[in-house]
Number of protein chains: 2
Amino acid sequence: MEKAFKKHSEASCKQARLAIQDTLDVVGGKWKLVLIWVLGNGKRKFNELSRDAGISPRILSKELQELEINGLVSRTVCNTRPVTVEYELTKYSNTLSEVILAMHKWGVTHRKKITGKA
Amino acid sequence: MEKAFKKHSEASCKQARLAIQDTLDVVGGKWKLVLIWVLGNGKRKFNELSRDAGISPRILSKELQELEINGLVSRTVCNTRPVTVEYELTKYSNTLSEVILAMHKWGVTHRKKITGKA
DNA sequence: CCATATACTTACCTGTTTGTAACTACTATC
DNA sequence: GATAGTAGTTACAAACAGGTAAGTATATGG
């Protein structure tokens, strides 16, 4: 039974595919939503992010650049020595809150269902 | 500013990573959410799904098997000749409605922002 | 026997993602 | 000069995702 979704027209299917895959283009992959979640704690430095998220520096650098390009994260070079850089969520990243919270919530509930644990 | 998220503890970061990546394990990739959306129109046969979603048979078969294993889609072999098979969303797939709707909605809005079109 | 239909499966392939390990540039401190 | 710190970068590699094209098993109809 498909109660949670409205019936879609054929054009709606094409448009839905486009919309969903657009979202995946921006925040798909193993780490991007995790990084956004972690930065929800507040601005972080590169190594802090690497540690808090548990991600390798090479991938972290790559993902942060993409998130910055898409306007979801901002990068600030601090006037310190050695140089430090701070990463912070942008206002625009708030538009992803429903996506992230839904993903997080579903993952938690699904794991409980799978393991039978609460 | 991180208004959309609550501040998280360190343990919360690990747990969030787990939850988000669990969700991605089940519905990540290019096609799974699209297939779930398309099946929101009602049960479909294999070739209908391939056409409606615009996906190749090899990948469709693979993704449907994974969705079936995770209890999101059911597969019914019909007593027809040649044999036909019907795929349908399960009740459990309704739990993904927030995820899919959020992804879809964000994709639509993001595309409007990017293209400046309404 | 051939053509057609359905639901895949198989073989091969390309491109991408993610990770490890080592390295780099620059500065400060001892 | 050696050491430490930071933020990456580079080279290499394995695994994975998704696609194309051809093929398969079974049945029906002409």
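So you know, we letter chains A, B, ... as the sequences are listed, proteins then strands, and number each from 1. In this text the structure is predicted, and so the values were computed from the model without any measurement.
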Problem set entry | side-chain N/O A:Tyr87 vs D:dG8 OP1/OP2, d < 4.0 Å | yes
For this session: Please tell me which of the listed nucleotides, D:dG18, D:dG5, D:dA7, lies nearest to the side chain of A:Pro82?
Result: D:dG5
For this session: Kindly give the heavy-atom pair with the smallest separation between A:Leu60 and A:Ser50, and that separation in Å.
Result: CD2-N, 3.6 Å
Exercise. Hey, is CD on B:Glu98 packed in by over 12 heavy atoms from elsewhere, all under 6.0 Å?
Worked result: no
Seminar exercise, completed: When rounded to whole Å, the CD to C1' distance for the pair A:Glu63 and D:dT9 reads 16 Å
Seminar exercise, completed: Separation of D:dA17 atom C1' from B:Leu64 atom CG, nearest Å, is 16 Å
For this session: Identify whether any heavy atom of A:Gln65 sits under 4.0 Å from a base atom; if not, whether one sits that close to sugar-phosphate; answer base, sugar-phosphate or nothing.
Result: sugar-phosphate
Exercise. Nearest 0.5 Å, what's the CD-CZ distance between A:Glu86 and A:Arg75?
Worked result: 11.5 Å
For this session: Anything under 4.0 Å to a heavy atom of chain B counts; send over the first and last such nucleotide of DNA chain C, read 5' to 3'.
Result: C:dA5 to C:dA11
Problem set entry | Nearest-Å distance for atom pair CZ/P, residues A:Arg81 and D:dT6 | 14 Å
For this session: Specify the closest pair of heavy atoms between A:Ile36 and A:Leu89, including all atoms of both residues, with the distance to one decimal.
Result: O-CD1, 3.6 Å
Exercise. Would you say D:dT9 has OP1 or OP2 under 4.0 Å from some side-chain N or O of A:Lys62?
Worked result: no
Problem set entry | OP1 or OP2 of D:dG18 under 4.0 Å from side-chain N/O of A:Gln21 | no
For this session: Using whole Å, report how far CZ of A:Phe46 lies from C1' of D:dG5.
Result: 14 Å
Exercise. How close do B:Gln15 and A:His104 get, heavy atom to heavy atom, and via which atoms?
Worked result: OE1-NE2, 3.1 Å
Seminar exercise, completed: Rounded to whole Å, the CZ-P distance (A:Arg51 to D:dG8) equals 15 Å
Seminar exercise, completed: When rounded to whole Å, the CG to P distance for the pair B:Asn79 and D:dT26 reads 16 Å
Exercise. Does A:Ser61 have a side-chain nitrogen or oxygen under 4.0 Å from the phosphate oxygens OP1 or OP2 of D:dT9?
Worked result: yes
Exercise. A:Ser56 near the nucleic acid: base, sugar-phosphate alone, or nothing, with a heavy-atom cut-off under 4.0 Å?
Worked result: base
Seminar exercise, completed: In whole angstroms, the gap separating P of D:dG8 from CD of A:Glu48 amounts to 12 Å
Exercise. Would you say a side-chain N or O of B:Trp31 is under 4.0 Å from OP1 or OP2 of D:dA17?
Worked result: no
Seminar exercise, completed: Shortest non-hydrogen pair, A:Arg111 vs B:Asp22, comes out as NE-OD2, 2.6 Å
Exercise. So which heavy atom on B:Gly29 is nearest to which on A:Leu24, and how close?
Worked result: O-CD1, 3.3 Å
Problem set entry | D:dG18 base / B:Arg58 side chain donor-acceptor hit below 3.5 Å | yes
For this session: Could you state the atom-to-atom distance from CZ of A:Arg44 to P of D:dT6 in whole Å?
Result: 15 Å
